[in-house]
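All ligand and atom numbering here is 1-based and tracks the order in the structure.
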Amino acid sequence: MLKHKGTSILETNKFILRPFTCNDTLDMYNNWASDKEVTKYLTWPVHCNISKTNMVISRWEKLYEDNEYYNWAIEDKQSGNAIGSINLMNLDDYNQNCEIGYCIGKRFWNHGIMTEVLHEILYFAFTEVNFQRITARRHINNISSGMLLKKCKFVYEGTLRKILKDNNGFFVDCKYYSILKSEYLIEK
Ligand SMILES: CC(C)(COP(=O)(O)OP(=O)(O)OC[C@H]1O[C@@H](n2cnc3c(N)ncnc32)[C@H](O)[C@@H]1OP(=O)(O)O)[C@@H](O)C(=O)NCCC(=O)NCCS
């Protein structure tokens with residue numbers, strides 16, 4: 001059985017993972033939501049103005065009342081700035097699985113940040129909430145995400161054709177991965 005905990009505050013060496021607040025609006029807009037390169041392979045389009053970001057975060061703030069809602073801001077301990085997000089979605093309570101999604105601002109790419117953050121979220125999701133399986137999918141051309149998943153020991157399961165509309169409304173193929181609690185604990 002799952003033991004839901006909601007978006008609990010977590011910590012890694014360099015980051016605090018915590019719920020978003022409206023104070024993150026400027027960071028989210030500047031660091032990632034307004035950048036077409038960051039959203040290139042995501043399902044949501046770039047934010048054209050900061051009120052869009054403000055609206056999105058206001059909606060999230062209400063959702064945090066639900067302890068089955070998992071959506072963390074990644075706060076850099078040193079600067080205090082929010083540099084990205086990571087979330088668990090498509091929760092399946094009965095089968096104890098869910099999907100993971102993540103993004104960070106471009107200037108933070110390739111410094112091992114998401115590897116550090118993803119490990120902490122996996123630890124929480126497997127040992128605290130008791131998920132048995134976590135999936136991830138990526139746009140077929142999203143090489144960075146594939147490298148990250150490989151590094152974090154996700155197993156490639158196959159490609160689903162035209163499974164998703166991208167943020168331009170085009171159907172795209174996606175590669176699917178998963179990691180099991182048993183594998184994760186052995187790895188750890
Ligand atoms: C995908 C993303 C989260 C990766 O985050 P990151 O912090 O840069 O990843 P890391 O630095 O932890 O890298 C993990 C591994 O992937 C590799 N990697 C990351 N980006 C890469 C790239 N563009 N090309 C080759 N390797 C890459 C790293 O080298 C590292 O492997 P290594 O340690 O063996 O060298 C980031 O690129 C991003 O936010 N992209 C935009 C949003 C997005 O696409 N989200 C995913 C949707 S499925």
Side-chain angles (χ1 to χ4, degrees), residues 10-18 20 24 27-48 52-53 56-57 60 70-79 81-91 97-125 131 133-179 183-184 187-188:
L10 305 172
E11 198 174 339
T12 71
N13 259 353
K14 298 198 195 106
F15 305 98
I16 295 174
L17 312 176
R18 54 152 180 85
F20 278 90
D24 298 313
D27 283 345
M28 176 169 169
Y29 181 74
N30 287 335
N31 285 336
W32 72 97
S34 64
D35 185 342
K36 277 199 173 123
E37 273 193 72
V38 175
T39 62
K40 186 169 176 190
Y41 298 120
L42 302 181
T43 48
W44 51 273
V46 75
H47 292 184
C48 295
K52 172 68 188 176
T53 312
V56 167
I57 295 187
W60 290 346
Y70 298 94
N71 181 20
W72 291 267
I74 303 168
E75 179 188 312
D76 178 31
K77 280 185 190 169
Q78 218 168 30
S79 66
N81 296 334
I83 63 158
S85 72
I86 185 160
N87 68 314
L88 301 176
M89 58 198 153
N90 299 333
L91 273 55
N97 64 58
C98 67
E99 187 180 333
I100 195 158
Y102 39 77
C103 68
I104 53 173
K106 191 168 57 204
R107 69 194 160 96
F108 309 103
W109 290 359
N110 260 309
H111 290 91
I113 293 177
M114 202 51 88
T115 303
E116 179 175 332
V117 169
L118 188 51
H119 271 299
E120 182 60 28
I121 298 297
L122 291 179
Y123 184 75
F124 169 79
F131 284 108
R133 169 188 156 94
I134 296 178
T135 40
R137 72 170 171 207
R138 66 159 173 106
H139 185 294
I140 193 142
N141 296 332
N142 193 348
I143 304 301
S144 317
S145 185
M147 298 294 286
L148 169 72
L149 293 168
K150 193 168 167 212
K151 179 151 196 210
C152 294
K153 308 287 185 217
F154 279 70
V155 174
Y156 171 65
E157 293 187 323
T159 299
L160 297 191
R161 298 177 303 151
K162 309 288 179 215
I163 181 73
L164 191 75
K165 275 186 198 165
D166 69 10
N167 55 28
N168 291 309
F170 295 112
F171 287 104
V172 292
D173 298 351
C174 286
K175 287 184 180 274
Y176 279 73
Y177 300 78
S178 74
I179 185 165
E183 290 166 348
Y184 177 80
E187 197 57 45
K188 228 172 141 54

Selection residues 29-48 - residue pairs positive for ring pair (Phe, Tyr, Trp, His ring centres under 6.0 Å), sequence neighbours left out = Tyr41-His139, Trp44-His47
If you take all heavy atoms of Thr39 and Ala33, which pair is closest and at what distance?
-> CG2-O, 4.3 Å
Ligand 1 polar-atom proximity to protein (N/O, under 3.5 Å):
unit_1, atom_1, unit_2, atom_2, d
ligand 1, 7 (O), Met114, N, 2.9
ligand 1, 8 (O), Asn110, N, 2.7
ligand 1, 11 (O), His111, N, 3.4
ligand 1, 11 (O), Gly112, N, 2.8
ligand 1, 12 (O), Thr115, N, 3.1
ligand 1, 12 (O), Thr115, OG1, 2.5
ligand 1, 23 (N), Ser144, OG, 3.0
ligand 1, 29 (O), Asn110, OD1, 3.4
ligand 1, 33 (O), Lys151, NZ, 2.7
ligand 1, 39 (O), Ile104, N, 2.9
ligand 1, 39 (O), Ile104, O, 3.3
ligand 1, 39 (O), Trp109, NE1, 3.4
ligand 1, 44 (O), Asn142, ND2, 2.8
ligand 1, 45 (N), Tyr102, O, 2.8

Which pairs, with at least one residue in residues 109-125 and sequence neighbours excluded, count as a side chain to side chain donor-acceptor pair (under 3.5 Å)?
-> Thr12-Glu116
Residues at least two apart in sequence or cross-chain that pass salt bridge (charged side-chain N to carboxylate O under 4.0 Å, His left out) with Glu157, listed by chain then number, are Arg133
Before giving the answer on salt bridge (Lys or Arg N to Asp or Glu O under 4.0 Å), spell out for Asp24 and Arg18 the whole-Å C-alpha distance, their side-chain angles and the decisive distance to 0.1 Å.
-> CA-CA 11 Å; Asp24 298 313; Arg18 54 152 180 85; 2.8 Å; yes
Taking side chain as C-beta onward, heavy atoms only, is Trp72 less than 4.5 Å from Leu88?
-> yes
